[in-house]
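See structure below.
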Amino acid sequence: MERVNFDYSSLKAYYGYYKNTQMLFTSSSGGAATAIAESFLNSVGGYIWGCVYSDGYKRVDYRCASNLDELQLFKGSKYVQANKVVGDATHAVSVYRQVLSQISNGKNVLFIGLPCDVSGLLSVVRNCNGDMDKLFTVDLICHGPTSIEVHKEYLSSVEKKSKSSVDNFSVRYKKKGWSPPYVRADFKDGSILEKNFSSTSYGRAFHLFSRPSCYSCKFRGLGHCADLTIGDYWGLDKGMQEYNHMGVSLLLSKSSKGDELIRNLDSEIFCCNETNIEYSLGCNPNYFKDRKVDGRRETFARDLALEGLEIAVSNSRSFSDVKREFVTSFKRHLPFRLRRYLKRLKGKLKYEL
């Protein structure tokens with residue numbers, strides 16, 4: 001558990017998950033984003049902005065939803081930055097301008113996105129004297145997205161191997177529960193690919209390669225601008241009150257509007273209760289700590305541009321990677337109680353040091 005070294009007194013922490021098993025299974029963690037969006041439509045009304053796959057799953061775009069059916073397209077984590085322009089080449093409009101237009105016309109808007117995207121939206125709305133009372137914002141505990149080229153190359157690679165087009169895709173499939181996450185690709189010929197995310201070229205690239213700005217992000221910790229921040233509630237163990245093996249969301253409220261979004265959640269559908277703020281932050285340091293630059297990043301970036309994803313990943317493998325994969329495989333064969341004990345011991349020693 002990481003030491004929390006910033007003033008978090010303005011935050012309130014909650015844990016939450018869908019009570020319905022199927023809804024929870026199809027969510028990345030506890031399903032907080034979907035639950036908040038659904039309750040917003042039912043209680044406040046208006047528009048929801050979130051991210052969807054497009055162009056045969058090879059692109060990610062911000063889209064607007066005004067009903068529950070459209071909202072279903074937003075489900076699932078996307079590990080690349082979303083395109084923030086809507087329309088075609090002849091009539092392209094910034095997503096931020098679209099949101100500004102909606103709130104200027106008296107509509108309520110809930111925007112769910114990366115912390116940097118939320119900051120960009122808020123800057124546009126404030127600079128244009130938009131009605132801030134109509135705008136609700138939710139950002140994510142962000143690791144830092146990888147390149148869209150990584151995403152596209154990986155999908156092209158699995159399509160080539162399967163000789164069929166992707167019909168559905170997820171980087172957070174719950175094959176064995178919440179963790180570890182699996183990549184799952186459903187193909188149009190009926191075949192299915194399921195593979196531990198970390199062992200794929202996509203997973204290795206995601207942990208190795210992000211934009212330069214993500215290594216010195218201004219939107220972590222007190223830099224989060226959104227009313228509410230959500231993400232996976234890592235650090236939970238079986239037997240803890242908050243634990244659910246199919247996934248738990250962490251919700252961090254920063255404003256009265258964040259409190260309102262949580263208050264409007266339907267307790268019959270979504271379990272949501274307060275949790276220890278220091279513990280939850282300490283187990284989820286991506287909220288306040290920059291990701292570290294891997295020494296292989298620049299070489300990976302060069303190889304990705306010149307030789308493609310698979311060669312870039314292959315060239316970046318080190319002895320520590322092989323060792324980590326062996327240790328991970330070994331741990332999976334240990335009894336659950338022993339794995340839990342070792343995990344807690346490691347966290348305790350790290351915190352004390």
Side-chain angles (χ1 to χ4, degrees), residues 1-2 4-18 27-40 48-51 62 74-79 81-82 99 109-123 125 132 135-145 172 178 210 213-214 217-236 242 247-265 270-291:
M1 190 171 78
E2 297 281 352
V4 183
N5 55 4
F6 72 99
D7 181 7
Y8 51 83
S9 59
S10 62
L11 297 176
K12 298 176 186 176
Y14 302 82
Y15 73 93
Y17 52 82
Y18 267 110
S27 301
S28 293
S29 54
T34 302
I36 290 165
E38 288 177 340
S39 69
F40 186 86
I48 313 288
W49 284 86
C51 295
Y62 274 105
F74 295 172
K75 293 195 74 170
S77 298
K78 287 83 178 178
Y79 282 171
Q81 186 115 27
V99 172
V109 173
L110 171 64
F111 184 91
I112 304 173
L114 296 182
C116 50
D117 291 343
V118 170
S119 177
L121 170 64
L122 293 174
S123 294
V125 172
M132 293 295 295
L135 178 62
F136 295 72
T137 54
V138 174
D139 68 10
L140 310 176
I141 299 177
C142 181
H143 174 274
R172 293 289 303 276
W178 181 21
S210 191
S213 59
C214 293
C217 180
K218 299 184 295 183
F219 310 107
R220 298 189 190 275
L222 297 177
H224 281 272
C225 301
D227 300 305
L228 186 66
T229 298
I230 59 175
D232 293 83
Y233 194 161
W234 301 121
L236 299 179
E242 297 91 340
V248 183
S249 295
L250 176 61
L251 303 88
L252 299 165
S253 177
K254 191 176 182 179
S255 72
S256 59
K257 284 194 285 187
D259 295 341
E260 182 181 348
L261 291 174
I262 290 176
R263 192 166 54 246
N264 287 340
L265 288 167
F270 193 80
C271 171
C272 187
N273 295 292
E274 284 198 59
T275 188
N276 183 282
I277 180 68
E278 184 174 13
Y279 180 81
S280 62
L281 288 173
C283 292
N284 294 271
N286 282 334
Y287 179 83
F288 59 92
K289 284 188 68 174
D290 288 326
R291 64 180 296 181

Are more than 12 heavy atoms, taken from residues, nucleotides or ligands other than Lys257, located less than 6.0 Å from that residue's NZ atom? yes
From Leu121, Leu110, Thr137, residue fulfilling side-chain contact (heavy atoms from CB on, under 4.5 Å) relative to Val99: Leu121
For Ser29, enumerate each residue passing the side chain to side chain donor-acceptor pair (under 3.5 Å) test, keeping only those at least two apart in sequence or located in another chain. Ser249
Under 3.5 Å, side chain of Lys218 to main-chain N/O of Cys116, donor-acceptor pair present? no
To the nearest 0.5 Å, how far apart are CD in Glu38 and CZ in Phe270? 10.0 Å
Tyr15/Tyr233 under ring-ring contact (aromatic ring centres under 6.0 Å, His included): CA gap, chis, key distance, verdict: CA-CA 7 Å; Tyr15 73 93; Tyr233 194 161; 7.1 Å; no
Looking only at side chains, do Thr34 and Tyr18 share a donor and an acceptor under 3.5 Å apart? no
I'd like to know if the side chain of Ser280 and the backbone of Asn276 have a donor-acceptor N/O pair within less than 3.5 Å. yes
Nearest-0.5 Å distance that lies between atom CG in Leu251 and atom NZ in Lys12: 13.0 Å
What orientation do Phe136 and Phe40 show, parallel under 30°, tilted 30 to 60°, or perpendicular over 60°? perpendicular
Listed partners of Asn5 passing side chain to side chain donor-acceptor pair (under 3.5 Å), at least two apart: none
Side chain to side chain donor-acceptor pair (under 3.5 Å) involving Tyr14 - partner list, sequence neighbours excluded: none
Please determine whether the number of non-hydrogen atoms from other residues, nucleotides or ligands lying under 6.0 Å from atom NZ of Lys75 exceeds 12. yes
Would you give the length of the straight line joining atom OG of Ser253 to atom CG of Asp259, rounded to the nearest 0.5 angstrom? 3.5 Å
Let me know which of Asp117, Asn286, Thr229, Leu114 forms a side-chain contact (heavy atoms from CB on, under 4.5 Å) with Cys142. Leu114
Work out which heavy atom in Leu261 is nearest to a heavy atom in Ser39; give both atom names and the distance. O-OG, 4.3 Å
Once you round to the nearest 0.5 Å, how far does SG of Cys217 lie from NE2 of His224? 7.5 Å
Basic-acidic side-chain contact under 4.0 Å: Asp232, Arg172: yes
Answer yes or no: is there a side-chain heavy-atom contact under 4.5 Å between Tyr79 and His143? no
